[in-house]
Amino acid sequence: MDVSSSVFDTLIDRSNMSSDKWSKYPESVIPMWVADMDFDSPGCIKSALNQRVDDGVYGYTHTPKALIEAIRAHLIKCYGWTVSAADLVHLPGLVCALHLSVRVFSKEGEGIVVPGPVYYHLTKAPLVSGRELIGVDMVIQDGRWLPDMAQFEAACAQSNSKMMLLCNPHNPGGTVYTKAELLRFHALAKQYDLIVVSDEIHCDLILDDLPHVPFASLNQDAADRTITLMAPSKTFNIAGLGYAFAVIENTALRQTFKQEKAGLIPSPNMLGLAAATAAYEDGQTWHRALLVYLKGNRDLIVDRIAKTPLKMANLEATYLAWIDVSALEIEDPFQFFLDAGVGVSNGKDFGNPNYVRLNFGCPQSILDQALTRIEEALIKHHLM
Ligand SMILES: Cc1ncc(COP(=O)(O)O)c(C=O)c1O
């Protein structure tokens, strides 16, 4: 059955749902910050949840075999990547696995190489655990955000370097790394013997006709040194249900990870397991329709922004637009947007205060309204 775009056009009142997104700002502000979408979840997920709730007994629950098989089938079908059931580690979220990986696979004072601006937990994980954050500047090359390779090499070559943290597709830049680019990153990881943590949570949100290549799928050496982190949460809008997974093919790394996780990180929530199973088994039609809708939203932003002094590199993936506001030469871009009635994420939190991140995972009428507010504010302040 087809999923009509009207599903995504529907306005859903989230004001009584304890939504992080909708409770941060006054009612007059359109919230476009934290990365969840304002869309109704796919019917298959709602049915699976209803069924599980109707069971009435909510005791300790292990990962169902159906979910393991659905994940394996998804990885083969979408990325040609074969992993075994034993390679999977099931988690209540991805961020805890990022922090845990840094603490388990590096020591205090060791260096963690992180290309950025990037989703803030990739830089926070080294910083809060006393590791050295070795930042690598992402720069726009041929319209796409990519790490400066000279800096990347120097960072990896630093004598205390131990790990590389990647975000692919990149949040907030929206880059989908090509196989050739990933092979260059891998060559560095291999040469300097770095463990790689690859956050691939946005891998099913590619808007252009581009393949996602899991870093660990590049070759045997990459598989042996990589912890891949994925989840259905962004794609199917189920972040509140708490389910993510790691793929760790190297047995020694996986055993250490599992051992250190035990007692600290709980098992995934049983409703998260039910939702994830339904998503990977039956969510494809909804997912395809979502991508078409998000692409329409992305194209609308590109179109409207081109008529203003704001700028944006090619956004190949995610529903998060990384917008360059430097041409406005204003002191506090985040506040400027907020005063205009649009609650974006502050670029400062990702590593560049001259940017804001705008979440366009919302009905197009809301996006249109937000863009109009931004345009009107620019006109009012004689900035366009
Ligand atoms: C790159 C990236 N990793 C991880 C997360 C959050 O993962 P989780 O909610 O599973 O902890 C986000 C959420 O925005 C993200 O963008």
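In this chain, numbering begins with 1 at the start of the sequence shown. Remember, it's a predicted structure, so these values are computed and weren't measured experimentally. Every number for a ligand or one of its atoms is a count from 1 in the order of the listing.
Contacts between Leu94 and ligand 1 below 4.0 angstrom, taking non-hydrogen atoms only, involve backbone and side chain alike. Contacts between His121 and ligand 1, counted as non-hydrogen atom pairs separated by less than 4.0 Å, are absent for every part of the residue. By the criterion of a heavy-atom distance under 4.0 Å, both the backbone and the side chain of Val95 are placed next to ligand 1.
Under a 3.5 Å cut-off, the side chain of Lys21 and the backbone N or O of Asp36 do form a donor-acceptor pair.
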Q.
Assess the residue pair Leu290 and Phe8 against the criterion (side-chain contact (heavy atoms from CB on, under 4.5 Å)); give the C-alpha distance rounded to whole Å, side-chain angles, the decisive distance to 0.1 Å, and a yes or no.
A. CA-CA 8 Å; Leu290 170 77; Phe8 305 107; 3.8 Å; yes

Q. How far apart are the C-alpha atoms of Ser41 and Ile238, what are their side-chain angles, what is the distance that settles it, and do they pass the side-chain contact (heavy atoms from CB on, under 4.5 Å) test?
A. CA-CA 7 Å; Ser41 278; Ile238 49 175; 3.9 Å; yes

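At a 3.5 angstrom cut-off on N or O pairs, Asp199 counts as close to ligand 1.
Residue Cys167 approaches ligand 1 through these ligand atoms, each under 4.0 Å from one of its heavy atoms: 1 (C). Listed by number with element, the atoms of ligand 1 under 4.0 Å from a non-hydrogen atom of His202 are 1 (C), 15 (C), 16 (O). For ligand 1, the atoms closer than 4.0 angstrom to any heavy atom of Ala35 are 14 (O). Of all atoms in ligand 1, listed by their number and element, those nearer than 4.0 Å to a heavy atom of Ile201 are 1 (C), 2 (C), 3 (N), 4 (C), 5 (C), 7 (O), 15 (C).
With respect to the salt-bridge test (charged N to carboxylate O, under 4.0 angstrom), the residues Arg304 and Glu375 qualify. Salt bridge annotation for Asp349-Arg357: absent, with no cationic side-chain nitrogen under 4.0 angstrom from a carboxylate oxygen. A salt bridge links Asp40 to Lys46: at least one charged side-chain nitrogen sits closer than 4.0 Å to a carboxylate oxygen. Glu181 and Arg184 are not joined by a salt bridge, as no carboxylate oxygen comes within less than 4.0 angstrom of a charged side-chain nitrogen.
Of the protein's non-hydrogen atoms, the one nearest atom 13 (C) of ligand 1 is Lys234 NZ, 2.8 Å. Given atom 12 (C) of ligand 1, the protein heavy atom at minimum distance is Tyr119 CZ, 3.4 Å.
Applying the side-chain contact (heavy atoms from CB on, under 4.5 Å) test between Leu133 and each of Val114, Leu165, Val113 identifies Val114 as the sole match.
There is a protein heavy atom closer than 4.0 angstrom to atom 8 (P) of ligand 1.
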